[in-house]
Q: 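Can you read through this structure? Questions will come right after.
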Protein chains: 2
Amino acid sequence: MDTAERLVESTRELLWERGYTGTSPRAIQERAGAGQGSMYHHFRGKQDLAVAAIRRTADDLRTRAAAELDGPGTGVERIAAYLRRDRDVLRGCPVGRLTQDPDVLADPALHAPVTETFDWLCGRLASILAESRATGELPAALDPDDTAAAVVATLQGGYVLARAAGSREPFDRAVRGAIGLLNAAKGAA
Amino acid sequence: MDTAERLVESTRELLWERGYTGTSPRAIQERAGAGQGSMYHHFRGKQDLAVAAIRRTADDLRTRAAAELDGPGTGVERIAAYLRRDRDVLRGCPVGRLTQDPDVLADPALHAPVTETFDWLCGRLASILAESRATGELPAALDPDDTAAAVVATLQGGYVLARAAGSREPFDRAVRGAIGLLNAAKGAA
DNA sequence: GTCTATAACAAGATAGAC
DNA sequence: GTCTATCTTGTTATAGAC
């Protein structure tokens, strides 16, 4: 890995752990094993590095989610598989985390990849749920867009509860709860 | 409002907007209209002020949630009322927000009120859901603890989605989605 | 490309005058 | 109780040597 690459990867880790405001160029340089001059040679500054880091993190999330959601099984099965995927729960979501940073929301270059990630994810889930409704797996009364938002929110909120509790348990409960509700709804179809 | 009071209220606002790391003593003093010496006379420092602020914010949340959850109606109705309560969505949850701050999680005095708030909230919702299950409003297959976690997570995650989108719409969708799933589950009881 | 020097400013607090 | 002065360290760069 060359220097520029190490700088981006270090920035990704630090943004995940400490957010944008909590991440200093100094900390990035230390973690990347790069000097001051080196960093400012490859990037214009903290914001420039953060843009590269956030873009890559957002692309990653999208790629991994797609792998799960394009898999085999009925709609509800695929969504359950996505929800149950092994996650480093206590670290939280590297994209969702950024929404708590006012400096990220205030800068369109930093904010846009976050917006696009969740737009895409909710849309993808909604189209799966719409399919399930069309085939009769889910009742007609269930709105695909609303249900998709609830599913994604369950994950994002699960991270919050887990970090509040200092344990992954509330996250696992929330996931089981969401799947339980989807299955109960199936019974009503 | 005396000086100490204004300092605590300013700290509450800033913690909500910018988190612990993003909030400086200087900013607190400015917002409170108090001087450096004044702040350090009433409080030992930033952490001391934050403890007071977080405690009060956590108590507030609990009081307001209890008002909704102890109201009239069936279990599902009360939970729907709680979910639908008018909220300043784009500001996010003043308690949930703190879980993204590693400095808060690392300090037991700052972390404890956050933990207790969500423990209490999930517990309260679980007992309402258990009631609903006992009376046959909800099917026996629905686990109260899991479902409660899913409901709270929907709210917390809804805030995340709304801030990502720069609009309250995803939050409202998630809430409608959760209520829709609860009602569909009711049909399966 | 990487290093060191420098700089202006903010963070977070202490000390002592008033 | 509040004010101003002072202090150390960190932030976020820029400049220029190597």
Side-chain angles (χ1 to χ4, degrees), chain A residues 1-55 97-98 100-111, chain B residues 1-57 97-98 100-111:
Chain A
M1 225 180 355
D2 67 0
T3 303
E5 195 62 23
R6 284 202 319 277
L7 283 164
V8 172
E9 287 303 316
S10 300
T11 305
R12 291 181 64 192
E13 290 174 18
L14 282 164
L15 286 179
W16 194 357
E17 291 167 23
R18 309 202 37 84
Y20 185 76
T21 303
T23 295
S24 67
R26 186 181 223 289
I28 294 170
Q29 293 153 28
E30 252 166 49
R31 189 169 299 209
Q36 191 96 313
S38 194
M39 176 187 137
Y40 283 100
H41 171 75
H42 292 287
F43 298 91
R44 257 169 312 182
K46 175 178 168 173
Q47 192 259 8
D48 192 30
L49 248 170
V51 169
I54 292 175
R55 283 237 182 83
R97 200 240 178 277
L98 301 168
Q100 299 308 314
D101 222 309
D103 297 336
V104 169
L105 300 196
D107 182 336
L110 300 173
H111 193 169
Chain B
M1 227 179 359
D2 66 1
T3 303
E5 195 61 22
R6 285 202 318 278
L7 284 164
V8 172
E9 287 303 314
S10 300
T11 305
R12 291 180 64 192
E13 289 174 20
L14 283 163
L15 286 178
W16 194 357
E17 290 167 24
R18 309 202 36 86
Y20 186 76
T21 303
T23 295
S24 67
R26 186 181 223 292
I28 294 170
Q29 293 151 29
E30 253 166 48
R31 189 168 300 210
Q36 191 97 312
S38 193
M39 177 188 136
Y40 283 101
H41 171 75
H42 291 289
F43 298 92
R44 258 169 311 182
K46 174 179 169 173
Q47 190 259 11
D48 193 29
L49 247 170
V51 169
I54 292 176
R55 284 236 183 83
R56 188 175 299 181
T57 296
R97 199 237 176 280
L98 300 169
Q100 300 308 316
D101 221 310
D103 296 336
V104 168
L105 300 196
D107 182 336
L110 300 173
H111 193 170

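The sequence lines fix the lettering, A, B, ..., with proteins before strands; numbering per chain opens at 1.
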Q: Take atom CE of B:Met39 and atom C1' of C:dA15, then tell me their distance rounded to the nearest Å.
A: 16 Å

Q: With the criterion being N/O to N/O and under 3.5 Å, what pairs connect the protein with nucleotides 2-4 of chain D, and how long is each?
A:
| from | atom 1 | to | atom 2 | distance (Å) |
| --- | --- | --- | --- | --- |
| D:dT2 | OP1 | B:Thr3 | OG1 | 3.1 |
| D:dT2 | OP2 | B:Ser38 | OG | 2.8 |
| D:dT2 | OP2 | B:His42 | NE2 | 2.8 |
| D:dT2 | O5' | B:Ser38 | OG | 3.4 |
| D:dC3 | OP2 | B:Gly35 | N | 3.3 |

Q: Is there a side-chain contact between B:Arg6 and B:Thr3 in this structure, where contact means two heavy atoms from C-beta onward sitting under 4.5 Å apart?
A: yes

Q: When you compare the side chain of B:Leu7 with that of B:Leu49, does any pair of heavy atoms fall below 4.5 Å?
A: yes

Q: Nearest whole Å is fine: how far is C:dA13 P from B:Phe43 CZ?
A: 13 Å

Q: Anything under 3.5 Å between a protein N or O and an N or O of nucleotides 8-11 of chain C, put it in a table, one pair a line.
A:
| from | atom 1 | to | atom 2 | distance (Å) |
| --- | --- | --- | --- | --- |
| C:dA11 | OP1 | B:Ser24 | OG | 3.4 |

Q: What integer distance in Å separates B:Glu5:CD from D:dG1:P?
A: 15 Å

Q: May I ask you to test the A:His111-A:Asp107 pair for a side-chain heavy-atom distance under 4.5 Å?
A: no

Q: Identify the heavy atoms of B:Gly45 and B:Met39 that sit nearest to each other, and give their distance.
A: C-CE, 4.0 Å

Q: From CD of B:Gln29 over to P of C:dG12, roughly how many Å is that when rounded to an integer?
A: 11 Å

Q: Any side chain to side chain donor-acceptor pair (under 3.5 Å) pairs touching residues 8-17 of chain A, not counting sequence neighbours?
A: A:Glu9-A:Arg12, A:Glu9-A:Arg56, A:Arg12-A:Thr57, A:Arg12-A:Asp60, A:Glu13-A:Arg31, A:Glu17-A:Arg31

Q: Report yes if some heavy atom in the side chain of B:Leu15 is under 4.5 Å from a heavy atom in the side chain of B:Arg97; otherwise report no.
A: no

Q: Let me confirm one number: the OH-CG distance from B:Tyr20 to B:Leu105, rounded to the nearest 0.5 Å.
A: 12.5 Å

Q: Kindly give the heavy-atom pair with the smallest separation between A:Phe43 and A:Ala52, and that separation in Å.
A: CE2-CB, 4.4 Å

Q: In this structure, how many angstroms lie between the C1' atom of D:dT11 and the CG atom of A:Leu49, rounded?
A: 15 Å

Q: Given atom OH of A:Tyr40 and atom P of D:dT11, what is their separation to the nearest angstrom?
A: 11 Å

